[in-house]
Student: 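Sharing a structure with you now.
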Amino acid sequence: MHPQVIKDEPGNCPLCGMALIPLGKPSASHSHTSKNEHSGHHHNDDSKEVFDKHEGHHTGDFLNRFWVSIVITVPILLLSHMIQQWLGFSITFNGDKYVLLTLGTVIYIYGGLPFLKGMVGEIRAKAIGMMTLVAIAISVAYIYSVAVVFGLQGMDFFWELATLIDLMLLGHWLEMRSQMTASRALQSLVALLPNDVTVVRNGEAIKIKLEELQDGETIVIKPGEKISADGLVLEGLSYINESMLTGESIPVKKEPDSKVIAGSINGDGSLKVKVTAVGKDSYLNRVINLVQEAQATKSNTQNLADKVAKWLTFIAIVVGVGTFTYWYANTGNTAFALERMVTVMVTACPHALGVAIPLVVAISTTLSATNGLLIRNRTAFETTRKLSTVIFDKTGTLTKGSHAVEKIIPLTNEYSANEVLQYAAAVQQNSEHHIAKGVMDILKAKNLQLWKSEDFNYMQGIGVKGTVNGKKVLAAGPNYFRENSLSLPEIPKEINQDAETVNFVLVDNKVVGIITLADSIREGSAQAVDELKKMNIKSFLLTGDNEKIAAAVANKLGMDGYLANVLPHNKQEKVKELQAKGEIVAMTGDGVNDAPALAQADVGIAVGSGTDVAAETADIILVNSDPKDVVKMIMFGKLTYNKMVQNLIWAVGYNVVAIPLAAGVLYPNFVLSPAMGAILMSASTIVVAINASLLKIKQ
């Protein structure tokens with residue numbers, strides 16, 4: 001199959017001799033010999049351009065040759081004696097057989113050239129395959145027909161030769177078109193980027209070409225415009241449609257300090273954005289690189305399909321020669337024996353087998369990426385269907401990784417809960433601490449007024465203080481009382497000190513309230529754990545936090561267990577321990593602290609933070625940081641594998657039935673002609689292509 005030859009064999013294309021840089025193919029030093037050897041390799045833009053031009057050239061070439069061959073086929077059919085006998089008409093004139101020979105020679109050379117070149121390429125690469133099989137079949141038919149024209153007893157095969165070449169060209173065109181459509185779905189997103197961009201230079205908003213845009217510049221995104229580059233929002237508020245990039249169906253709120261992605265579509269707000277990545281460094285381009293690399297690397301199932309296709313080619317040649325020998329020895333009819341041999345070779349062409357897996361790979365990888373699942377390792381992706389245990393890192397994976405306010409408790413009748421919050425927020429507003437961010441978030445959520453503060457002072461490891469409404473206000477943790485040799489106020493029993501961070505609010509040196517904060521659990525965490533249970537997959541929590549916090553989170557989510565007080569460098573050992581018990585383990589983490597564990601796991605899943613797709617040790621990256629995507633990924637892995645198996649069963653099963661029929665086992669009750677063999681072969685290819693295209697991600 002031509003596209004596979006391109007991707008798997010560096011050098012020249014076997015069809016046209018054009019120099020190729022195999023797209024996404026890692027160099028020898030970067031080959032994926034094991035699941036842990038990821039190079040982060042990216043092909044350059046020139047290789048992508050060469051490959052795209054090359055694929056487009058051949059797709060169009062097959063179609064052009066098909067139409068020209070169809071035109072030549074019409075007079076060949078009209079001049080063929082067998083067709084005339086079948087349809088009951090006669091067209092004869094002096095030299096008609098030489099006209100037929102001329103037309104047959106033209107279609108053999110012009111229409112059959114891709115297959116003849118393909119055979120030469122396969123022989124040079126020592127990878128005998130379907131091109132060789134097709135080339136031998138049409139060559140045998142042509143040479144025998146030429147011999148008949150010049151006196152050999154028998155009936156020529158020119159009409160079978162012509163229809164066979166027509167069907168092969170059409171089949172190859174359909175196959176390549178399907179593959180190009182699948183692999184280019186992401187690249188088409190690049191074309192959606194705007195040609196022009198509004199940039200702020202010297203305090204003035206001007207329009208420039210997108211390619212002139214530089215990192216660090218400030219751009220203006222107007223309502224309804226497409227985002228032209230990755231960046232950070234400086235000013236404005238809007239909701240952005242990122243569905244074509246991350247699979248997130250609901251528009252995402254963007255405000256100052258939010259990240260935006262090139263290719264997404266702005267809503268009805270106006271934004272000022274600081275550019276952080278343009279061109280090849282952008283999220284979109286890195287996603288395309290990852291997808292193309294994943295499509296170029298082969299999984300175990302694809303390797304199996306390649307081996308079957310190779311053996312089927314050898315079997316077809318041996319059975320073809322054996323068929324000729326058998327029928328010639330038993331009938332003495334050279335024409336019939338040759339017809340059987342050609343039919344066997346045409347029918348057995350493992351085209352469907354060659355398309356079966358690569359097409360599923362191309363479609364599944366593209367579908368995954370447009371739904372926020374980036375596959376870096378195909379073999380690990382296939383392993384997802386066998387998972388028995390999923391380990392979740394707590395902070396940033398099952399939890400949001402940011403402290404949110406849990407409780408606001410007034411300790412006197414002087415101040416309400418809202419007033420306690422407002423005093424705390426007033427002194428916290430100038431701090432960058434995670435407690436300050438949690439307090440400011442809840443103030444904004446409650447839509448309360450932010451009071452002014454003066455004389456701000458940050459006390460490291462203790463808290464913050466300032467003057468609010470003429471009063472001395474302090475927001476501090478328990479350390480404040482220890483440092484000042486004061487007795488710690490009594491903490492209400494409703495506060496779980498093992499799971500919550502306690503912050504006291506003092507006004508004029510009097511404790512007036514307590515604010516507690518905790519790392520909040522992500523919305524999708526409980527549903528993800530529940531879905532895994534339904535799939536008989538165990539879930540474990542892995543964290544550096546203490547036993548009580550780990551137990552609280554694990555129990556709240558209904559997980560099978562937890563591993564607490566685990567330092568980053570010990571996480572890998574915990575994965576090994578489970579693997580030693582026979583578990584097939586997936587590790588889900590942030591891809592930074594969890595790198596050794598991600599590499600050790602059978603499937604390493606990095607939870608991305610929107611635009612960070614450079615988790616080198618992960619096999620799969622979840623762009624949306626949503627635990628439910630782990631479930632989605634496992635389900636899609638199973639669906640993808642099922643499609644591969646269905647296609648393999650169909651492709652192999654078709655040959656098991658068709659080859660004996662082509663060899664003539666039912667003769668004289670049933671005889672499969674070369675043309676009918678070619679039709680069946682093409683039909684089987686179309687069936688696997690349609691089956692692959694039905695692959696969908698369940699939301």
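Every heavy atom of this structure was used, including side-chain atoms; hydrogens, water molecules and symmetry mates were not.
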Student: Would the distance check show the side chain of Gln579 and the main-chain N or O of Gln600 forming a donor-acceptor pair, the cut-off being under 3.5 Å?
Tutor: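 Indeed, once roles are kept as given, a pair shorter than 3.5 Å links the two residues.
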Student: Please check this pair: side chain of Asn479 against backbone of Ile462, looking for a donor-acceptor N/O pair closer than 3.5 Å.
Tutor: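 The answer is no, because no donor-acceptor pair under 3.5 Å joins these two groups.
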Student: Counting only heavy atoms not in Asn484, do more than 12 fall under 6.0 Å of its CG?
Tutor: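 Yes, CG of Asn484 has more than 12 neighbouring heavy atoms, counting only those of other groups under 6.0 Å.
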Student: Determine the minimum heavy-atom distance between Val603 and Ala380, stating which atoms define it.
Tutor: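 For Val603 and Ala380, the tightest heavy-atom pair comes out as CG2-O, 3.4 Å.
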Student: Assess whether atom CG of Asn509 is packed by more than 12 heavy atoms of other residues, nucleotides or ligands within 6.0 Å.
Tutor: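 At most 12 heavy atoms, drawn from other residues, nucleotides or ligands, come within 6.0 Å of this atom.
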Student: Give the minimum heavy-atom separation between Asp602 and Thr383, together with the two atoms involved.
Tutor: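 That would be CB-CG2, 4.3 Å.
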Student: Looking only at side chains, do Thr276 and Asp230 share a donor and an acceptor under 3.5 Å apart?
Tutor: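 The criterion, which ignores hydrogens and geometry beyond distance, is not satisfied for Asp230 and Thr276.
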Student: Under 6.0 Å from the NZ atom of Lys407, do we count more than 12 heavy atoms belonging to anything else shown?
Tutor: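 For Lys407, atom NZ is crowded (more than 12 foreign heavy atoms under 6.0 Å).
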Student: Just by distance, do the side chain of Gln527 and the backbone of Gly524 share a donor-acceptor pair under 3.5 Å?
Tutor: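 It does not hold such a pair.
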Student: Is Asp619 reaching over with its side chain to a backbone N or O of Gly604, donor-acceptor style, under 3.5 angstrom?
Tutor: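 It does hold such a pair.
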Student: Would you give the length of the straight line joining atom OG1 of Thr198 to atom CD of Glu204, rounded to the nearest 0.5 angstrom?
Tutor: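 Atom-to-atom, Thr198:OG1 and Glu204:CD are 11.5 Å apart.
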Student: Would Lys632 and Asp629 count as a salt bridge (Lys or Arg N to Asp or Glu O under 4.0 Å) if you check the C-alpha gap in whole Å, the side-chain angles of each, and the deciding distance to 0.1 Å?
Tutor: CA-CA 5 Å; Lys632 189 198 293 187; Asp629 281 351; 3.5 Å; yes
Student: Are the charged groups of Lys534 and Asp530 less than 4.0 angstrom apart, N to O?
Tutor: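 Yes.
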Student: Considering all heavy atoms of both residues, which atom of Val427 and which atom of Gly466 are nearest to each other, and what is their separation?
Tutor: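 Minimum heavy-atom contact is CG1-N, 3.6 Å.
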Student: Mind checking whether Lys574 and Leu542 have side chains closer than 4.5 Å, heavy atoms only?
Tutor: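 Side chain of Lys574 against side chain of Leu542, heavy atoms only: contact under 4.5 Å found.
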Student: Check for a donor-acceptor pair, side chain of Asn555 on one end and backbone N or O of Ala551 on the other, with a separation under 3.5 Å.
Tutor: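 At least one qualifying donor-acceptor pair exists.
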Student: List the steps and the verdict of salt bridge (Lys or Arg N to Asp or Glu O under 4.0 Å) for Asp626 and Arg522.
Tutor: CA-CA 8 Å; Asp626 187 345; Arg522 289 187 184 276; over 6 Å; no
Student: Distance-only, no hydrogens or angles: does the Lys538 side chain make a donor-acceptor pair with backbone N or O of Leu532 under 3.5 Å?
Tutor: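 No; zero donor-acceptor contacts below 3.5 Å.
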Student: Would Asp393 and Lys571 count as a salt bridge (Lys or Arg N to Asp or Glu O under 4.0 Å) here? Give the steps.
Tutor: CA-CA 9 Å; Asp393 177 56; Lys571 290 181 178 180; 2.9 Å; yes
Student: Hey, does the side chain of Asn418 reach the backbone of Leu421 with a donor-acceptor pair shorter than 3.5 angstrom?
Tutor: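 No, because the side chain of Asn418 does not come within donor-acceptor range (under 3.5 Å) of the backbone of Leu421.
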Student: Is it true that atom NZ of Lys274 has more than 12 heavy atoms of other residues, nucleotides or ligands lying nearer than 6.0 Å?
Tutor: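 Count not over threshold, so no.
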Student: Kindly list each side-chain donor-acceptor pair under 3.5 angstrom involving residues 447-457, sequence neighbours excluded, with atom names and distances?
Tutor:
from   : atom 1 : to     : atom 2 : distance (Å)
Ser453 : OG     : Ala426 : O      : 2.9
Asp455 : OD2    : Thr467 : OG1    : 3.1

Student: Which heavy atom of Val275 sits nearest to which heavy atom of Leu213, and what is that distance?
Tutor: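 Minimum heavy-atom separation between Val275 and Leu213: CG2-CD2, 3.9 Å.
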Student: Closest approach of Ser238 and Gly269, non-hydrogen atoms and distance?
Tutor: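 Reported closest heavy-atom pair: OG-N, 3.2 Å.
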Student: Please report the C-alpha distance between Phe504 and Tyr480 in whole Å, then the side-chain angles of each, then the deciding distance to 0.1 Å, and finally whether the ring-ring contact (aromatic ring centres under 6.0 Å, His included) criterion is met.
Tutor: CA-CA 9 Å; Phe504 297 93; Tyr480 168 77; 9.0 Å; no
Student: Can you tell me which residue pairs pass the side-chain hydrogen bond (donor to acceptor under 3.5 Å, both in side chains) test with a partner in residues 210-220, sequence neighbours excluded?
Tutor: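 Listed by first then second residue: Arg201-Glu217.
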Student: Tell me the closest heavy-atom pair linking Ile514 and Glu490, and the distance in Å.
Tutor: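 Smallest heavy-atom distance, with atoms named: CD1-O, 4.5 Å.
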